[in-house]
Amino acid sequence: LRVEHWLADLAVGGIDVRGARVRWEDRRHGRHMDIKNLYIDTDAILPRRPITMRARADVTADPLGLRGHVDLHGLGLADPAAGVYGVDDLHVMADVSGPPVPVKGGAAGKLRGKLRYEAGKGVVTLSDIDGEVLGATVDGHLEAEQLTASPAVLGALDVGRVNVRKVIDAFRDQPIITEDSDVLGTATAKIGFDLNSLRLNLRYIHLEMDDSIVNGTAEIADLGRPRATFRLYIDTVNLDRYLPPSADDEDAPATPGAVLAAAAGRLPFAALRALNLDGEIGVGALKAGGLHIRDVKLPLQAHGGVLALQPQARLYGGGYRGDIGLDARRDTPRLAFDEHVDAVQLGPFLTDLTGQGVVSGVATVHTRFSCRGGPGRLLSSLDGTAHFDVKDGAVHGLDVPGLIAAAKAGLNGDTPPAPKADPHTDFTSLTGTVVAHNGVLSNDDLAGEAPFMRVSGKGSVNLASRAVDYVSKVTFIDGPS
């Protein structure tokens, strides 16, 4: 920036603008902005002396429908010889509304900081930021560089304690309802980022909310055709607390594939087709659907309407791994999932999932299913197979040996044995294969072995109508002593 010597020594008695109006029009694109009721007031402008300045205005931008009021004041500084300009103790207050601001009744915010422009370097800095919007306090700094060539912005922001529930409700017509009304309480966040015309890089993300701490990174490359990558790690989270209240008779899905199948009919497929996303979510300790799960890894990819998930986790003494895909490129989405549950302790698993640990043992399950269709049709189109194998288990609440012993005692006129405090029937193995076709599950090879009996069975279950047609057979090979 070239500055003549006479300009560096220029003095002005002050600026006083009252009730002015400035209108900018882009007739080619049909856009315009109006600045009305513009007031600008400064003290005397003297070379290399601070200048007290105040301004306010009403602003409208159409066709966006944006409406707002801006009020600012600060202490202006100018050193033309050094090419340094700025505002100390800058205060900005704004109140905006309209469709671009999806907050009920509009949003108000305020900002305080120190603004500097170094003309020789082409750098603008906003430091000592102290702001507030939607009840959240924001601290940090921003720096914009290469303004005349390839502009880039670097910064770090700290969001102070904010009530997350109030912020979410500000964007909704109805308040959000969660199973636990205490969640979505106060949260804090730290974000470091750099932004240019090609990409947005979140160098670090740190979030603390309720009982969870989240750390990670993210990047959006090619802002014209966004391609996003991210890595997030959550130390612990109880998802059940954040879900809407569920009916007592509502079945909880037990695997990620079942969760996606239950939700597939409500997914925004148009938005999914536009996604270009690669990422991974890790969770140290997770509670979901009543289940306690550890060491969760969830790699995911979404490209052009195809969503792929490869989750894995440890649970109840065993492990889980899956390969789940959703193809929403066409009007009729298709879902496929291949899932393995290995060596899981079935008793505590069922107790946490359903509230009743009717069957215990070490369970291994492999499912490979696919389904297609919109809402209400996924279950009726289910195809595939599942195999289960439960070893060294028991059926709780039913003491078959005790019932047989009591029956024998009655026939012989003897005193029946006292009932067990924990009635159960042990078995050594329980295996079977389930075949699904058009939403009907069929099994014809159920085989159970117990020390004195064998169990077999076959039949079907219609998932759409919930009709059950199943027959089991028990064969005694040796009665209890």
Side-chain angles (χ1 to χ4, degrees), residues 239 243 250-269 271-273 275 277-283 286 288-291 293-316 318-344 346 349-350 353-354 363-390 432-443 460-464 466:
L239 286 183
L243 297 176
E250 187 174 332
D251 295 331
T255 68
V259 171
L260 188 57
R266 300 188 294 272
L267 293 177
F269 294 126
L272 181 61
R273 295 181 188 113
L275 277 182
L277 176 70
D278 290 274
E280 180 173 306
I281 300 173
V283 185
L286 168 68
L291 299 176
I293 309 167
R294 301 191 64 84
D295 300 334
V296 178
K297 292 183 180 179
L298 179 59
L300 62 91
Q301 303 87 37
H303 300 283
V306 177
L307 174 65
L309 309 172
Q310 297 88 31
Q312 53 182 296
R314 294 195 303 145
L315 66 166
Y316 299 91
Y320 164 87
R321 55 190 170 88
D323 188 356
I324 304 166
L326 174 65
D327 188 342
R329 289 175 293 182
R330 298 177 176 83
D331 292 337
T332 302
R334 180 179 177 83
L335 175 66
F337 42 100
D338 187 343
E339 299 180 287
H340 299 258
V341 177
D342 300 310
V344 165
L346 190 57
F349 177 90
L350 290 176
L353 181 66
T354 68
T364 297
V365 182
H366 177 207
T367 64
R368 181 175 290 171
F369 290 121
S370 65
C371 51
R372 61 193 180 280
R377 296 198 58 192
L378 289 172
L379 287 179
S380 62
S381 66
L382 188 70
D383 290 319
T385 60
H387 178 77
F388 61 89
D389 184 349
V390 185
T433 302
V434 176
V435 177
H437 181 64
N438 289 334
V440 177
L441 306 182
S442 302
N443 163 254
S460 63
V461 177
N462 189 309
L463 294 177
R466 299 201 174 190

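Everything numeric in this text was worked out from a predicted model, so none of it was measured. Residues: numbered from 1 along the sequence shown. Values reported hereafter were calculated over all heavy atoms of this structure, with side chains retained and with hydrogens, waters and symmetry mates removed.
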Q | Closest approach of Ala328 to Leu272 (non-hydrogen atoms, all atoms of both residues) | A | CB-CD2, 3.8 Å

Q | Those residues that, when tested against Arg368, pass salt bridge (Lys or Arg N to Asp or Glu O under 4.0 Å) (two or more places apart) | A | Asp338

Q.
To check you understand the geometry: which heavy-atom pair defines the closest contact between Val390 and Ala363, and what is its length?
A. CG2-CB, 4.0 Å

(Q) Looking at every heavy atom in both Thr385 and Phe369, which two are closest together, and how far apart are they? (A) N-CE2, 3.7 Å

Q: Mind listing the closest non-hydrogen atom pair of Thr433 and Asn443 along with its distance?
A: O-ND2, 2.8 Å

(Q) Tell me every residue that passes salt bridge (Lys or Arg N to Asp or Glu O under 4.0 Å) with Arg314, counting only those two or more places apart in sequence or in another chain. (A) Asp295

Q) Could you state the interatomic distance from OG1 (Thr364) to CG (Asp389), rounded to the nearest 0.5 Å? A) 6.0 Å

Q | Pair Arg372 + Asp327, salt bridge at N-O below 4.0 Å | A | no

Q) Taking C-beta and beyond as the side chain, do Leu441 and Val435 meet within less than 4.5 Å on heavy atoms? A) no

Q.
How long is the straight-line distance from OG of Ser380 back to CG of Asn438, given to the nearest 0.5 Å?
A. 7.5 Å

Q. Does a side-chain heavy-atom distance below 4.5 Å link Val461 with Val434?
A. no

Q | Point-to-point distance, once rounded to the nearest 0.5 Å, from CG of Leu353 to CG of Leu346 | A | 10.0 Å

(Q) Could you walk me through whether Glu339 and Ile324 satisfy the side-chain contact (heavy atoms from CB on, under 4.5 Å) test, starting with their C-alpha distance in whole Å, then the side-chain angles of each, then the deciding distance to 0.1 Å, before giving a yes or no? (A) CA-CA 8 Å; Glu339 299 180 287; Ile324 304 166; 4.0 Å; yes

Q. Got a donor-acceptor contact below 3.5 angstrom from the Arg334 side chain to the Ser370 backbone?
A. no

(Q) Just verifying a value: how many Å separate Asp342 CG and Tyr320 OH, rounded to the nearest 0.5 Å? (A) 11.0 Å

N/O donor to acceptor pairs below 3.5 angstrom from side-chain atoms of residues 303-313, sequence neighbours left out:
| residue | atom | partner | partner atom | Å |
| --- | --- | --- | --- | --- |
| His303 | ND1 | Asn276 | OD1 | 2.6 |
| His303 | NE2 | Asp278 | OD1 | 3.3 |
| His303 | NE2 | Asp278 | OD2 | 3.1 |
| Gln310 | OE1 | Gln301 | NE2 | 3.4 |
| Gln310 | NE2 | Gln301 | OE1 | 3.4 |

Q. Salt bridge (Lys or Arg N to Asp or Glu O under 4.0 Å) with Arg294: which residues, sequence neighbours excluded?
A. none

Q) For Val344, what residues pass the side chain to side chain contact (heavy atoms under 4.5 Å, CB included) criterion, not counting sequence neighbours? A) Leu315, Tyr316, Val341, Phe349

Q: Could you pull out all residues at least two apart from Ser442 that satisfy side chain to side chain contact (heavy atoms under 4.5 Å, CB included)?
A: Val440, Ser460

